[in-house]
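To find a chain, count down the sequence lines: A is the first, B the second, and so on, and within it residues start at 1. Computed from heavy atoms alone, side chains included, the values below leave out hydrogens, waters and symmetry copies.
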4 protein chains.
Amino acid sequence: MSIVRTVGRPKLENRPLELLTTAAELFARQGFDGASIRDIARAAKVQPSSFYHFFRSKEDLFEEVYVEGVRRIRDAVTESIRSDLSPWDRLEAASTAHLTTLLETDYFSIVVAKTIPNGDREIDGRLIVHRDNYEKLFINLIDDLPNTTTRDQKYLRFALFGALNATVQWYRPGQDRPEEIAHNIVRLFRIKLDEQQEK
Amino acid sequence: MSIVRTVGRPKLENRPLELLTTAAELFARQGFDGASIRDIARAAKVQPSSFYHFFRSKEDLFEEVYVEGVRRIRDAVTESIRSDLSPWDRLEAASTAHLTTLLETDYFSIVVAKTIPNGDREIDGRLIVHRDNYEKLFINLIDDLPNTTTRDQKYLRFALFGALNATVQWYRPGQDRPEEIAHNIVRLFRIKLDEQQEK
Amino acid sequence: MSIVRTVGRPKLENRPLELLTTAAELFARQGFDGASIRDIARAAKVQPSSFYHFFRSKEDLFEEVYVEGVRRIRDAVTESIRSDLSPWDRLEAASTAHLTTLLETDYFSIVVAKTIPNGDREIDGRLIVHRDNYEKLFINLIDDLPNTTTRDQKYLRFALFGALNATVQWYRPGQDRPEEIAHNIVRLFRIKLDEQQEK
Amino acid sequence: MSIVRTVGRPKLENRPLELLTTAAELFARQGFDGASIRDIARAAKVQPSSFYHFFRSKEDLFEEVYVEGVRRIRDAVTESIRSDLSPWDRLEAASTAHLTTLLETDYFSIVVAKTIPNGDREIDGRLIVHRDNYEKLFINLIDDLPNTTTRDQKYLRFALFGALNATVQWYRPGQDRPEEIAHNIVRLFRIKLDEQQEK
DNA sequence: CATGAATGAGGATTCATTCAT
DNA sequence: GATGAATGAATCCTCATTCAT
């Protein structure tokens, strides 16, 4: 899993990862509007003015955090997909990877799960592209499920994503572990559609 | 279910309903931090100072919008519950009411669906009380489902709410209607647990 | 001691004395700028708009409080002056009356003691006239003191007023009573100038 | 005694002294509530927002002005105390220093003389500490006076401070000079208690 | 690289006051 | 008399951002 994308920008290797990490945490907890550059700079122990050496704007920073969040989830999910598993097991493995990243890794992915780009902001279009890019992975996995109609697939996708991402609202460490949660959520859909084929 | 009820609700009848309605829309689209009192006042065509004749603070306004949103969803769901239906049909009827309110009536309920109180703000505690109060309705409906374990119920609740509320992120008017969406989402869970008893 | 001046304004008899009394207290504690019409109206349990039935403006109100404060002190001092006393005893009696009004009666007089009209505000000129009008009483008493030069009198006046009015800064009920304080303060000056004649 | 000392006082040396000086003047003339940040910034020819680079809040600014005022008076008084003088002459010298600072140097000390911390505000406690710290100097000088009782000392202290600080209300440049005023005020008390010993 | 200084716009909120009812 | 509604100006303060050093 890469740390920070380094293409197209000078000196990205040195760019304080801490700034991104700190921003991720604050954006995850307080949202884009609720977290100020001052807050982030203070938490990262730099001056707000120094911030502009690394990011052109607050929106830029947010987009980088978001992109990194998508990448981390995508990398985890990609890694989890093994062709020797059944389609449903692949979907469960992917869901487990998605949830584990969301709930146990860091704040980058939480920003992704909590952010709802609605097109009102100029940045939203770009965020949606990133997110859609990732969701294709799941769409493919769902398309592989046996005995499912297009309609099944469409709603399964929306429902599964809704259910998985909503975990960030109620998950508390120490209770069910992410893989248990993923297993149980997928199970809710799996047997139904699995059994259906036998009818 | 009326759009706005002014009977028996003293808090609403004398206050510029437009202020609440406008606030609901802006909060729904831009979130608490993204919508300013200036924005809301401008959209409602009053001076920002006039706003303070009706609401003590921005948080107060938000809470009123949220409470009204919860009330509208709750009223719709309560009305939809008919004892002559089977447990699963009751759950689907409730889900349809929930979704119809969310997607077809107004912005109050969308504020509820999009707001994730996480305890960081002082207001969050109160919001959670309102929301939990409503969610009990669904918990009861889910408890009534035949042949479900406690674990089934727990995950069904989280997954169903996640799936239903996530619709505000992808729903576009003109495509599937709310009742179709609700039907299809509940169907994903329904058959599975229904069939299970026959195993 | 009159309650509220009733000349020149209609319906003054009914004008809520409580508004004046409340204003006196808030002006005494928080100053003109620190006490708002809202504060005063709230404490007096009327609406801010009702306030304007009785006073043309905040400055008007302040002036009335100030004038009433001056009157209360002046009335008390006037009453205390008895021609059968020696000049020094008369001055002490007047000082006692002044201090008793300041420290034991109400907030009107405290506004007078704490307000320092410096001419920056349009209202200041009028306040100074009221105050000077009262201070003439003391000037006369001091002029009557035996064996004092004009310079003595001038500084005695400034020092005595300074010392007396400063009591509002340190006086705490339950310790020395106002007449004791007045006696001790006057004593500081009295013996010196009294004795001097014997030299 | 220099007007502004920038050596050894880190808090002053880097900050726009003009901001402090301007604030001192406006606070002296209009009080804490009467002088707005806008006013001060405008008079100092900076934007109100620039102000917040140097001071965290209006209260902070006021406290700094107050502390600086106390320091200037204290420095002047400390410098004036010479052990080769008689106790009464020391007190007069201190009074002269106090008055000269108050009336001839700048506005910092006037803020101290005009501000009456009464405990209603959160800042008052700190102001009182600063003031008390300074007043100890005078208490010591008064304690050294021969043939004075504790009661004499207590009232002399209150009366002397009251008389000295009240000068800011009536002093006009061009008439009596501060040292004359101090001399005359102390003289009012001095002979009395001095003479007493001969009785 | 880093940052202290600066800023215009905007944040929520309060101000004294007016006026129709 | 009384007041609820309204307002424009002002309150303190924070915003994201720029720039000279």
Side-chain angles (χ1 to χ4, degrees), chain A residues 10-11 14-16 19 32-42 45-62, chain B residues 14-16 19 32-42 44-62, chain C residues 10-11 13-16 19 32-42 44-62, chain D residues 14-16 19 32-42 44-62:
Chain A
K11 296 178 183 155
N14 294 336
R15 187 189 305 186
L19 218 38
F32 179 83
D33 293 304
S36 72
I37 293 289
R38 275 160 140 88
D39 291 340
I40 295 166
R42 191 182 309 121
K45 288 169 189 160
V46 298
Q47 295 300 116
S49 50
S50 300
F51 163 87
Y52 287 90
H53 283 281
F54 307 110
F55 303 94
R56 278 209 295 264
S57 67
K58 189 186 179 186
E59 291 210 338
D60 240 49
L61 170 65
F62 187 83
Chain B
N14 290 331
R15 285 178 185 176
L19 220 39
F32 179 83
D33 292 305
S36 73
I37 291 290
R38 270 161 140 94
D39 292 341
I40 295 166
R42 192 181 306 121
K45 288 169 187 158
V46 297
Q47 294 293 116
S49 51
S50 300
F51 163 85
Y52 287 90
H53 275 276
F54 306 105
F55 303 95
R56 282 219 296 259
S57 68
K58 188 187 180 184
E59 288 211 340
D60 241 49
L61 169 65
F62 187 84
Chain C
K11 293 177 185 155
E13 301 79 10
N14 294 337
R15 189 190 302 186
L19 219 38
F32 178 83
D33 292 304
S36 72
I37 292 289
R38 275 160 140 87
D39 291 339
I40 295 166
R42 191 182 308 122
K45 289 170 187 158
V46 297
Q47 296 299 117
S49 50
S50 300
F51 164 87
Y52 287 89
H53 283 282
F54 306 110
F55 303 94
R56 278 208 295 264
S57 67
K58 189 186 180 186
E59 290 211 338
D60 239 48
L61 169 64
F62 187 83
Chain D
N14 290 331
R15 285 179 185 176
L19 220 38
F32 179 83
D33 292 306
S36 73
I37 293 291
R38 268 160 141 94
D39 292 341
I40 295 166
R42 192 181 307 123
K45 287 170 188 157
V46 295
Q47 295 292 118
S49 53
S50 300
F51 163 85
Y52 287 91
H53 276 275
F54 306 106
F55 304 94
R56 282 219 295 262
S57 66
K58 189 186 180 185
E59 288 209 341
D60 242 49
L61 170 64
F62 187 84

Would you tabulate the nitrogen or oxygen pairs shorter than 3.5 Å linking the protein to nucleotides 15-19 of chain E?
{"unit_1": "E:dC15", "atom_1": "OP1", "unit_2": "C:S36", "atom_2": "OG", "d": "3.4"}
{"unit_1": "E:dC15", "atom_1": "OP2", "unit_2": "C:R38", "atom_2": "NE", "d": "3.4"}
{"unit_1": "E:dA16", "atom_1": "OP1", "unit_2": "C:I37", "atom_2": "N", "d": "3.3"}
{"unit_1": "E:dA16", "atom_1": "OP1", "unit_2": "C:K58", "atom_2": "NZ", "d": "3.0"}
{"unit_1": "E:dA16", "atom_1": "OP2", "unit_2": "C:I37", "atom_2": "N", "d": "3.0"}
{"unit_1": "E:dT17", "atom_1": "OP2", "unit_2": "C:Y52", "atom_2": "OH", "d": "2.7"}
{"unit_1": "E:dT17", "atom_1": "OP2", "unit_2": "C:K58", "atom_2": "N", "d": "2.9"}
{"unit_1": "E:dT17", "atom_1": "O5'", "unit_2": "C:Y52", "atom_2": "OH", "d": "3.2"}

Write down the distance between CZ (B:F55) and P (F:dG4), rounded to a whole number of angstrom.
16 Å
Give a yes/no on whether any side-chain N or O of D:Q47 is located under 4.0 angstrom from OP1 or OP2 of E:dA6.
no
So which heavy atom on D:G34 is nearest to which on D:D39, and how close?
O-OD2, 3.9 Å
Quick check for you: to the nearest 0.5 Å, what is the distance between C:I40 atom CD1 and C:S36 atom OG?
7.0 Å
When rounded to whole Å, the NZ to P distance for the pair A:K45 and E:dC1 reads 21 Å
In this structure, CD of C:Q47 is separated from NE2 of C:H53 (nearest 0.5 Å) by 11.0 Å
Non-hydrogen atoms of D:A44 and D:L19 that approach each other most closely:
CB-CD1, 3.4 Å
What's the separation between atom NZ in A:K58 and atom CZ in A:F51, rounded to the nearest 0.5 Å?
9.0 Å
Axis deviation across the helix from E:dA2-F:dT21 to E:dT21-F:dA2, five-pair ends, to the nearest 10°
0°
For the atom pair CG (A:D60) and CZ (A:F54), what is the distance rounded to the nearest 0.5 Å?
13.5 Å
